[in-house]
Enquirer: 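The structure under discussion is supplied below as structure tokens; questions concerning it will follow.
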Amino acid sequence: MREFILYNTLSRKKEVFVPLTPGVVGLYVCGPTVYGDAHLGHARPGITYDVLVRLFRHLGYKVRYVRNITDVGHLENDSDTGEDKIARKARLEQLEPMEIVQHYTIRYHEAMKLLNTLPPSIEPRASGHIIEQISLIGEILNKGFAYENNGSVYFDVEAYNNIYPYGILSGRLLEDMQSNSRTLEGQEDKKSSFDFALWKKAAPEHIMKWPSPWSEGFPGWHLECSAMSAKYLGDNFDIHGGGIDLLFPHHECELAQNTAARGKGGVKYWMHNNMITINGQKMGKSLSNFITLEELFTGSHKILDQSYSPMTIRFFILQAHYRSTLDFSNEALQAAEKGLKRMMQASRDVCNLAHSYGAESLTEIKEIKEGIYSALCDDMNTPIALAHLFEAVRIVNQVKEKQSKINSEDKETLVKLFEEIVGGVLGLADEQSQSNTGDVLNGVINIILDIRKQAKANKNFAASDHIRDQLNSLGIQIKDTKEGTDWSL
RNA sequence: GGUACCCUGGCCGAGUGGUUAGGCAGCGGUCUGCAAAACCGUGAACAGCAGUUCGAAUCUGCUGGGUACCUCCA
């Protein structure tokens, strides 16, 4: 099996990936808090970890991919009065919290499916794992790294920091943070502002609450990932992923909880995707400068010049390395759209290439293949892999245009590359296939094109142009090629 | 204020010491009744200054500009 290199946030270095169990990968990724529509920012981790999973499977690993749904415990802020995000949305829309959760979970799944991401192996919900979370709080309390106050339980960062280093993941020191902290309102229950809630006592009117040894309440946000990752992947597992904005405090707290309860962090490789920016600024809910995926797919947002297909978004994201920020702009999306179109055209053409017996083998093709694999296995460098794939596109086109020849073995290599890498690992599906337009429409258009062909043969260009214009006004594009006339909606 | 990161050609975006990234746009060409599309080819960059080095986009320092995290955020 080929060596796979992965950047580990914990060590701040690229490391050779060695799974805890040979041939098996356990991956946990922080999923969405379902209180709003998925936006372009959500597409980044969705696609990043999807490609990671696809790549591991392609390389022969068995992967268990766990991605949670946060449906409780995620507060608007860290003060005692901070409202649960979902409860708040439910109050505003006069719905049950679980109606909000159901609605946005379904919509999230739909968006992820359009982006051609594979579903996770397990998709646990925080509200379905209250028992596990309560039991984890008990362990942390027993070890002396948490305290109860007024029905709520808080993680004791200072006590923890006396034994284990708090801040190793995000690279900060508690002392630094203490000397530079802002004072927040409404934290009377906590010993220190760095302490974070493991269990919160719920107000009487609160719906999302469960009984516990301490109070009727609900679990803290950071707790769910510790509890659910351990449940489905074990106390030790290979990779924990998520957006880089979750590094602190979420992942730092998770690591602390794991260590406090079990004496070890439990995660071998921490992996973080970077942000998508808009005009150089992070795209996010709190900044309300985000574009939802639906708006992108339909073009219904004032800053969008046009709509962009899910695969365009996917391609756009894959053209940047996952650890780099990626700036959104119409220009960049349009460039991605055209590049993708060319890639997919070659992907379709490669199967129909005529190979020549006795044509010399192109060493370039082997180099391209090697380049693609080594790029993907070097911390999942998809932009480099795509660059090599575009070299393959050029070869396909040259053969297609009869500017060069290819033997059957090389052709097979190319076919496999497009199938297994473009379609399989990168997950770029062909959106242009006409199979879904219906046989009747296909037939009708073919009849019309046949009439136009006859008009052209008779040099009746007025008639042929008229047909073209009429079809155009219906949104059907006509392309005259050497082989005949292509059309697309 | 603390910590970290970034600044690459018109745009997006790879690249950690010496060789063409790639995509889009541009330009030149092929094809075509025309158009569109498609295809081929191609010029162009490393924020500024100083240093290390035989040699730096790549290492070091300074200056300028920007971003992220420190409160919820993918």
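Every chain is numbered from 1 and lettered A, B, ... according to where its sequence line falls, protein lines coming before strand lines. What you are looking at is a predicted structure, and each value in this text was computed from that prediction instead of being measured.
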Enquirer: Within this structure, what is the CD-to-P distance between A:E367 and B:rU20, rounded to whole angstrom?
Expert: 14 Å

Enquirer: Give each protein N/O atom lying under 3.5 Å from an N/O atom of nucleotides 24-28 of chain B, with the pair distance.
Expert:
residue: B:rC24; atom: OP2; partner: A:R342; partner atom: NH1; Å: 3.4
residue: B:rA25; atom: OP1; partner: A:K338; partner atom: NZ; Å: 3.2

Enquirer: Give me the distance, rounded to whole Å, that separates B:rG48 from B:rA35 when you measure between the P atoms they each carry.
Expert: 44 Å

Enquirer: Between the side chains of A:K405 and A:E360, is the shortest nitrogen-to-carboxylate-oxygen separation below 4.0 Å, so that they form an ion pair?
Expert: no

Enquirer: From B:rA74, B:rC12, B:rA14, pick the nucleotide closest to the side chain of A:F316?
Expert: B:rC12

Enquirer: Whether A:D84 and A:K200 form a salt bridge (side-chain N of Lys/Arg under 4.0 Å from carboxylate O of Asp/Glu) is what I want to check.
Expert: no

Enquirer: For RNA chain B, which residues of residues 102-126 of chain A approach it to below 4.0 angstrom with any heavy atom?
Expert: none

Enquirer: Return the pairing partner of B:rG10 with a 3.5 Å limit on both distances, Watson-Crick or G-U wobble; otherwise return none.
Expert: B:rC24

Enquirer: Establish whether the base of B:rA35 is bridged to the side chain of A:R468 by a donor-acceptor pair shorter than 3.5 Å.
Expert: yes

Enquirer: Find the distance A:I69:CD1 to B:rA74:C1' and express it as a whole number of Å.
Expert: 13 Å

Enquirer: Could you check how far CG of A:L428 sits from C1' of B:rG23, rounded to whole Å?
Expert: 13 Å

Enquirer: So, are A:K201 and A:D189 salt-bridged, with charged N and O less than 4.0 Å apart?
Expert: no

Enquirer: Find the distance A:E224:CD to B:rC72:P and express it as a whole number of Å.
Expert: 14 Å

Enquirer: Find the partner of B:rA4: check Watson-Crick (N1-N3 plus N6-O4 or O6-N4) and G-U wobble (N1-O2, O6-N3) distances, both under 3.5 Å, and reply none if neither fits.
Expert: B:rU67

Enquirer: If the threshold is 4.0 Å, N to carboxylate O, is there a salt bridge linking A:D349 and A:K400?
Expert: yes

Enquirer: Starting at atom NZ of A:K402, determine the distance to atom C1' of B:rA38, rounded to an integer number of angstrom.
Expert: 14 Å

Enquirer: By nearest atom, which of the nucleotides B:rA74, B:rA38, B:rC70 is closest to the A:P249 side chain?
Expert: B:rC70

Enquirer: Tell me what A:M275 touches on the nucleic acid: a base, only sugar-phosphate, or nothing, going by heavy atoms under 4.0 Å.
Expert: base

Enquirer: Which listed nucleotide (B:rG23, B:rA14, B:rA74) is nearest to the side chain of A:H39?
Expert: B:rA74

Enquirer: Between P on B:rU71 and CZ on A:F196, what's the gap in Å once rounded to a whole number?
Expert: 13 Å

Enquirer: Quick one: do A:R394 and A:E364 make a salt bridge, cutoff under 4.0 Å?
Expert: yes

Enquirer: Looking at A:K341 and A:E337, does any basic side-chain N land under 4.0 Å from a carboxylate oxygen?
Expert: no

Enquirer: Let me see the working for A:Y28 and A:Y65 under ring-ring contact (aromatic ring centres under 6.0 Å, His included), right down to the final yes or no.
Expert: CA-CA 6 Å; A:Y28 185 91; A:Y65 174 24; 9.4 Å; no

Enquirer: Given the C1' atoms of B:rU16 and B:rC46, what is the spacing between them in whole Å?
Expert: 14 Å

Enquirer: What distance, rounded to whole Å, do you find between the two P atoms, one in B:rA56 and one in B:rA50?
Expert: 13 Å

Enquirer: Does the structure show a Watson-Crick or G-U wobble partner for B:rA56, both distances under 3.5 Å? Name it, or say none.
Expert: none

Enquirer: Suppose we screen for side-chain contact (heavy atoms from CB on, under 4.5 Å). Which residues come up paired with A:E15, at least two apart in sequence or across chains?
Expert: A:N8, A:S11, A:Y269

Enquirer: When you match A:L340 and A:A332 each to their closest nucleotide on RNA chain B, which lands nearer the 5' end?
Expert: A:A332

Enquirer: In whole Å, what separates the P atom of B:rG61 from that of B:rC24?
Expert: 39 Å

Enquirer: Mind listing the closest non-hydrogen atom pair of A:D50 and A:L118 along with its distance?
Expert: OD1-N, 2.8 Å

Enquirer: Mind checking the C1' distance from B:rA57 to B:rA14? Whole angstroms is fine.
Expert: 12 Å

Enquirer: Hey, does A:H250 reach any base, or is it just sugar-phosphate, or nothing, if we go heavy atoms under 4.0 Å?
Expert: nothing

Enquirer: Among B:rG13, B:rA74, B:rG33, which nucleotide has an atom closest to any side-chain atom of A:A320?
Expert: B:rG13

Enquirer: Whole Å only: how far is the CG atom of A:D379 from the P atom of B:rG15?
Expert: 9 Å

Enquirer: Taking distance alone, no hydrogens or angles, what donor-acceptor pairs closer than 3.5 Å link side-chain atoms of residues 469-476 of chain A to residues at least two apart or in another chain?
Expert:
residue: A:N472; atom: OD1; partner: A:Q477; partner atom: NE2; Å: 3.3
residue: A:S473; atom: OG; partner: A:Q470; partner atom: O; Å: 2.7

Enquirer: For the backbone of A:N273 and the side chain of A:T48, can you confirm whether one donor and one acceptor N or O come within less than 3.5 Å of each other?
Expert: no

Enquirer: Anything under 30° is parallel, anything over 60° is perpendicular, the rest tilted; go ahead and classify A:Y166 against A:Y160.
Expert: perpendicular

Enquirer: When you check the gap from the basic side-chain N to the acidic O, do A:K453 and A:D450 get nearer than 4.0 Å?
Expert: no

Enquirer: What is the separation between atom CE on A:M343 and atom P on B:rG22, rounded to the nearest whole Å?
Expert: 13 Å

Enquirer: Can you find a side chain N or O atom of A:N397 that sits less than 4.0 Å from OP1 or OP2 on B:rC40?
Expert: yes

Enquirer: In terms of the nearest nucleotide of RNA chain B, which residue is placed more toward the 5' end: A:W221 or A:H388?
Expert: A:H388

Enquirer: Considering Watson-Crick and G-U wobble pairs with both distances under 3.5 Å, what does B:rU16 pair with?
Expert: none

Enquirer: With a 3.5 angstrom cut-off on both distances, give the Watson-Crick or G-U wobble partner of B:rC31, or none if there isn't one.
Expert: none

Enquirer: Looking at residues at least two apart in the chain, or sitting in another chain, which of them share a ring pair (Phe, Tyr, Trp, His ring centres under 6.0 Å) with A:Y108?
Expert: none

Enquirer: Hey, does the side-chain of A:D465 have a donor or acceptor N/O within less than 3.5 Å of a partner on the base of B:rG33?
Expert: yes

Enquirer: Would you mind classifying the nucleic acid contact of A:L40 as base, sugar-phosphate or nothing, using non-hydrogen atoms under 4.0 angstrom?
Expert: nothing

Enquirer: Classify the nucleic acid contact of A:D327 as base, sugar-phosphate or nothing, counting any heavy atom under 4.0 Å across all strands shown.
Expert: sugar-phosphate

Enquirer: Mind checking if A:Q345 touches a base, just sugar-phosphate, or nothing, with heavy atoms under 4.0 Å?
Expert: nothing

Enquirer: So what's B:rA44 paired with, Watson-Crick or G-U wobble, going by both distances under 3.5 Å?
Expert: none

Enquirer: Using the P atoms only, state how far B:rC49 lies from B:rU30, rounded to an integer number of Å.
Expert: 44 Å

Enquirer: Using a heavy-atom cut-off of under 4.0 Å over every strand shown, decide if A:A387 touches base, sugar-phosphate, or nothing.
Expert: base

Enquirer: Taking the C1' atom in each of B:rG10 and B:rC69, what is the distance between them to the nearest angstrom?
Expert: 33 Å

Enquirer: Tabulate protein N/O versus nucleotide N/O from nucleotides 65-67 of chain B, keeping only pairs under 3.5 Å, one per line.
Expert:
none

Enquirer: So, the side chain of A:Q133 versus the backbone of A:A126: is there a donor-acceptor pair under 3.5 Å, distance only?
Expert: yes

Enquirer: Can you tell me if A:K366 has over 12 outside heavy atoms packed within less than 6.0 Å of its NZ?
Expert: yes

Enquirer: For B:rG61, which nucleotide in any strand shown is its Watson-Crick or wobble partner with both distances under 3.5 Å?
Expert: B:rC49

Enquirer: Check the phosphate of B:rG15 against A:N381, side-chain N and O only, distance under 4.0 Å to OP1 or OP2. Yes or no?
Expert: yes

Enquirer: Using the C1' atom in both, what is the distance from B:rC72 to B:rU19, to the nearest Å?
Expert: 48 Å

